[in-house]
Amino acid sequence: MIFVAIDTPDLDRAVHLARAVGPVTGALKVGLELWAAHGPRGVEAVRAACPGTALFLDLKLHDIPNTVAGAVRALAPLAPRYLTLHASGGAAMVRAAAQVAPAGTTLLAVTVLTSLDATSLESVGQGADSEAQALRLARLAQRAGAGGAVCSAREARSLRTALGPDATLMVPGIRPAGANAGDQARTATPREALDAGATHLVVGRPITGAPDPADAANAILASIPSEQ
Ligand code: C5P
């Protein structure tokens, strides 16, 4: 399944994109940009533009357990299919979120942000080995009730081994062969990511920045063996 990242603070544009690509992929991701500008109403407007679409709410929650649990409860009416939280918030935080998450919502752990290189990791007091850190955090989150993780295609293989066959692996940084990488440093084609163990893909600008987003989404779907 491909989640199209609706990354814009402009609600009209978000609704327009949702109408165009929602029926093609059946799955949309809303993140902090739209959330910061329009909150739950923005999410509802996107959903109303394309009813029945699976919603991935990428809010990367990170706070004390009580606050995160309260946020997860407050998000329940939006019925996200997937919701992200930072595994580095600790096992108690993930567990508190998992205890109150609605039945239809799978929590996905964000481990090490792909924007952090070895130097940045050391500067925030973490070891320079980002892969070991990502594995440690993903395992911790899974034990605490997360259903999977967000990871780069490069990490997908080792996370699949660590988390087992049932874990959801949501992989952003996807670029169709020959596409512009933009600011993504480590990209993979849809097929490479799925071969590495991804269950779901996140695609933003290659679809939303295309002259015809629905066409671009269709082309990406056609490039993978069968919808996953
Ligand atoms: O436009 P593009 O395909 O690069 O968008 C990727 C989406 O995935 C964005 O919404 C970005 O915030 C998100 N994401 C990412 N890398 C992560 C986690 C999330 O690119 N590690």
Side-chain angles (χ1 to χ4, degrees), residues 1-7 21 24-33 53-60 80-88 105-117 130-142 146-210 213 216-228:
M1 182 174 258
I2 294 181
F3 284 83
V4 182
I6 307 292
D7 288 328
V21 301
V24 180
T25 63
L28 299 171
K29 178 176 96 82
V30 169
L32 285 173
E33 226 173 311
T53 305
L55 176 70
F56 171 17
L57 211 42
D58 189 15
L59 299 184
K60 298 187 174 70
R81 179 69 195 83
Y82 295 100
L83 173 66
T84 45
L85 78 186
H86 273 281
S88 53
T105 298
T106 298
L107 296 177
L108 297 180
V110 174
T111 58
V112 178
L113 292 174
T114 43
S115 52
L116 295 176
D117 60 13
S130 64
E131 188 169 335
Q133 177 70 352
L135 282 176
R136 167 205 288 260
L137 288 171
R139 284 200 194 96
L140 171 153
Q142 189 186 44
V150 180
C151 66
S152 73
R154 189 181 285 199
E155 298 160 339
R157 226 173 274 281
S158 53
L159 277 180
R160 172 63 59 216
T161 307
L163 301 185
D166 297 334
T168 298
L169 292 183
M170 181 76 76
V171 174
I174 301 299
R175 293 293 177 268
N180 186 347
D183 59 356
Q184 294 280 16
R186 300 194 295 265
T187 63
T189 66
R191 190 183 278 264
E192 283 165 350
L194 293 169
D195 286 348
T199 51
H200 300 71
L201 309 179
V202 175
V203 184
R205 290 160 291 179
I207 290 176
T208 57
N218 268 315
I220 290 178
L221 283 173
S223 75
I224 55 183
S226 64
E227 235 213 299
Q228 309 204 16

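Count residues from 1 along the sequence. For clarity, every value in this text was computed on a predicted model and none was experimentally measured.
Annotation: the span from I2 atom CD1 to L28 atom CG amounts to 12.0 Å, rounded to 0.5 Å. Summarising the geometry, atom OG1 belonging to T84 is positioned 7.0 Å from atom NZ belonging to K29; distances are rounded to the nearest 0.5 Å. Once rounded to the nearest 0.5 Å, the distance linking CD1 of I174 with NE2 of H200 reads 13.0 Å. The CG atom of L163 sits 8.0 Å away from atom CG of L135, with the distance rounded to the nearest 0.5 Å. Atoms CG and OG, from L113 and S152 in turn, are 12.0 Å apart once rounded to the nearest 0.5 Å. Put simply, CZ on F56 and CG on L108 are 5.5 Å apart, with the number rounded to the nearest 0.5 Å.
The closest side-chain heavy-atom distance from P213 to T208 is not below 4.5 Å.
In plain terms, the two heavy atoms of A54 and F3 that are nearest each other are O-CE2, 3.7 Å. The minimum heavy-atom distance between V112 and A134, with the atom names listed, is CG2-N, 3.8 Å. Of all the heavy atoms in G204 and A5, the pair that sits closest is CA-CB, 3.8 Å. Taking both residues in full, the closest heavy atoms of L201 and A198 are given as CD2-CB, 3.9 Å, listed atom of the first, atom of the second, then distance. Closest non-hydrogen pair, A217 versus T25, comes out as CB-CG2, 4.0 Å. Residues I224 and P190 share a closest heavy-atom pair of CG2-CB, 3.5 Å.
The closest donor-acceptor contact from the side chain of R175 to the backbone of T187 lies at 3.5 Å or more, if one exists at all. Judged purely by atom type and a 3.5 angstrom limit, R160 uses its side chain to pair as donor or acceptor with the backbone of A167. For T199 (side chain) and T168 (main-chain N/O), no donor-acceptor pair under 3.5 Å exists by modelled atom type.
The neighbour count for R136 CZ, taken as heavy atoms of other residues, nucleotides or ligands under 6.0 Å away, does not exceed 12.
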Kindly determine whether L137 and Q133 satisfy side-chain contact (heavy atoms from CB on, under 4.5 Å), including the steps that lead there. CA-CA 6 Å; L137 288 171; Q133 177 70 352; 3.7 Å; yes

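Checked options L57, L55, D58; the residue passing with L83 is L57 (criterion: side chain to side chain contact (heavy atoms under 4.5 Å, CB included)).
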